[in-house]
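The structure appears below as structure tokens.
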Amino acid sequence: MAVLSHSNLSLISMIFLSGSLVMLWFIILSGVTSTSPLRQTFFLRADTNGITGAKPISQWTYFYICGPDNTDCGSAHPALPLGSAWGSNPRNAPEELVGNYGDNTTSFTYWYMWRFGWVFFLLALFFEVVTFFAGFLACCSRLGSAISGLIALTALLFYSVAVSLMTATFVKTRNAFVSAGRPAELGTYAFGFAWGGWAALFISAILFCISRHARKQQGTSASAPRWRRRKSVRSTRSYDGRRVKDEYS
């Protein structure tokens with residue numbers, strides 16, 4: 001059975017890493033343009049009709065609060081408060097979501113959950129990009145594989161926190177809207193990209209770590225047949241010597 005060398009494993013790792021980066025960019029750029037798949041990418045869609053200062057239908061994306069199909073988006077803001085979909089001290093909004101944060105639009109829990117989740121997505125993106133460039137070194141040496149694996153594991157840590165906070169924030173937000181009698185649904189594209197990107201990064205990190213030892217293991221397995229052949233040659237010569245000695249005795 002053929003054993004993949006560390007360069008081949010590193011190349012496969014970079015393919016998975018590239019897939020993770022593409023899906024992460026889809027999440028971050030959602031709402032920027034109305035082209036597919038970005039127009040279908042949102043974390044949550046909810047009925048906000050009748051809430052002070054809100055659109056009839058609101059969709060939460062990474063930088064924007066948009067209408068259906070990510071149109072009619074507001075201005076872009078980093079770590080946008082969850083309550084930016086409505087005005088200050090809104091009427092008819094789910095009480096669980098409203099509080100003193102974000103200009104009296106967002107409660108303490110949702111303010112910090114999404115702000116930390118937002119930041120951890122950026123940290124994951126940064127370390128994934130660094131891993132991608134370090135991956136070229138991994139194709140050349142086992143030391144490069146070790147460095148790439150370490151950075152990839154760091155990116156995986158930040159990504160894990162990000163998707164966990166994202167899931168908790170928007171699942172709880174959807175439940176709050178449903179409890180208030182308002183239809184709400186999670187964005188399948190955004191959640192699919194987020195968790196698919198996490199899975200691709202996980203596989204990439206594991207393969208980088210495995211590739212660190214791939215060449216050494218291959219070399220060990222290749223040396224075994226030569227040792228057996230040398231042992232066989234010595235045994236044959238010993239047998240021939242005893243046979244000649246017996247004939248002359």
Side-chain angles (χ1 to χ4, degrees), residues 3-32 35-45 59-63 70 79 113-139 142 144-175 184-214 217:
V3 180
L4 292 175
S5 65
H6 88 274
S7 58
N8 291 332
L9 285 172
S10 297
L11 182 60
I12 296 172
S13 300
M14 291 187 66
I15 293 173
F16 278 102
L17 180 64
S18 299
S20 178
L21 277 169
V22 169
M23 287 185 274
L24 190 51
W25 277 115
F26 282 156
I27 294 171
I28 292 175
L29 295 178
S30 58
V32 172
T35 57
S36 184
L38 298 181
R39 67 184 179 87
Q40 296 102 338
T41 305
F42 56 87
F43 297 114
L44 178 73
R45 174 194 289 154
Q59 294 185 172
W60 282 260
T61 68
Y62 194 75
F63 281 109
N70 284 349
M113 272 203 305
W114 180 229
R115 287 180 79 85
F116 278 105
W118 193 94
V119 170
F120 274 99
F121 269 117
L122 282 187
L123 291 172
L125 176 64
F126 171 78
F127 281 101
E128 280 202 53
V129 171
V130 174
T131 305
F132 180 80
F133 287 106
F136 291 102
L137 295 176
C139 294
R142 288 184 293 162
S145 297
I147 294 173
S148 299
L150 180 61
I151 303 173
L153 289 173
T154 304
L156 182 65
L157 173 63
F158 289 126
Y159 204 150
S160 300
V161 176
V163 292
S164 298
L165 288 173
M166 176 206 74
T167 302
T169 299
F170 290 103
V171 167
K172 285 172 66 65
T173 303
R174 179 203 59 185
N175 294 343
E185 61 177 327
L186 299 175
T188 53
Y189 276 74
F191 275 75
F193 288 144
W195 284 104
W198 181 92
L201 178 59
F202 176 80
I203 295 172
S204 176
I206 295 301
L207 290 177
F208 272 128
C209 294
I210 293 175
S211 67
R212 168 66 179 85
H213 304 283
Q217 292 172 351

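We're numbering straight along the sequence, starting at 1. Just so it is clear, the structure is predicted and the values come from calculations on it, not from any experiment.
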Measuring centre to centre across the rings, with the benzene-like ring taken for any Trp, is [X] within less than 6.0 Å of [Y]?
X	Y	value
F127	F158	yes
W60	F170	no
F193	W198	no

Donor-acceptor under 3.5 Å ([X] side chain, [Y] main chain):
X	Y	answer
Y159	W195	no
S145	A138	yes
N70	V32	no

So, for [X] and [Y], which heavy atoms are closest and what is the spacing to 0.1 Å?
X	Y	value
L201	S20	CB-OG, 3.7 Å
T169	M113	OG1-CB, 3.3 Å
A184	L44	CB-CD1, 4.4 Å
M23	A200	CE-CB, 4.3 Å
I151	A134	CD1-CB, 4.2 Å

Separation between [atom1] of [X] and [atom2] of [Y], rounded to the nearest 0.5 Å:
X	Y	atom1	atom2	answer
R45	R174	CZ	CZ	14.0 Å
L38	I28	CG	CD1	11.5 Å
T35	Q40	OG1	CD	9.0 Å

Among all residues two or more places apart in sequence or in another chain, which pass the side-chain contact (heavy atoms from CB on, under 4.5 Å) test with V129?
L21, L125, F133
Mind checking what makes side-chain contact (heavy atoms from CB on, under 4.5 Å) contact with F116, not counting sequence neighbours?
Y112, F120, L165
Side chains of F121 and M166, heavy atoms from C-beta outward: is any pair under 4.5 Å?
yes
With side chains defined as the heavy atoms from C-beta onward, is the minimum distance between C209 and L153 less than 4.5 Å?
yes
Considering residues at least two apart in sequence or located in another chain, which fulfil the side-chain hydrogen bond (donor to acceptor under 3.5 Å, both in side chains) criterion with W25?
none
The criterion is side-chain hydrogen bond (donor to acceptor under 3.5 Å, both in side chains); which residues satisfy it with R115, sequence neighbours excluded?
none
Show me, pair by pair, the donor-acceptor contacts under 3.5 angstrom made by side chains of residues 11-19, not counting sequence neighbours?
| unit_1 | atom_1 | unit_2 | atom_2 | d |
| --- | --- | --- | --- | --- |
| S13 | OG | L9 | O | 2.9 |
| S13 | OG | F208 | N | 3.3 |
| S18 | OG | M14 | O | 2.8 |

Relative to each other, are the rings of F43 and Y62 parallel, tilted or perpendicular (30° and 60° limits)?
tilted
T41 and S30 side chains, donor-acceptor separation under 3.5 Å
no
Quick one: salt bridge (charged side-chain N to carboxylate O under 4.0 Å, His left out) pairs with a partner in residues 186-203, sequence neighbours left out?
none
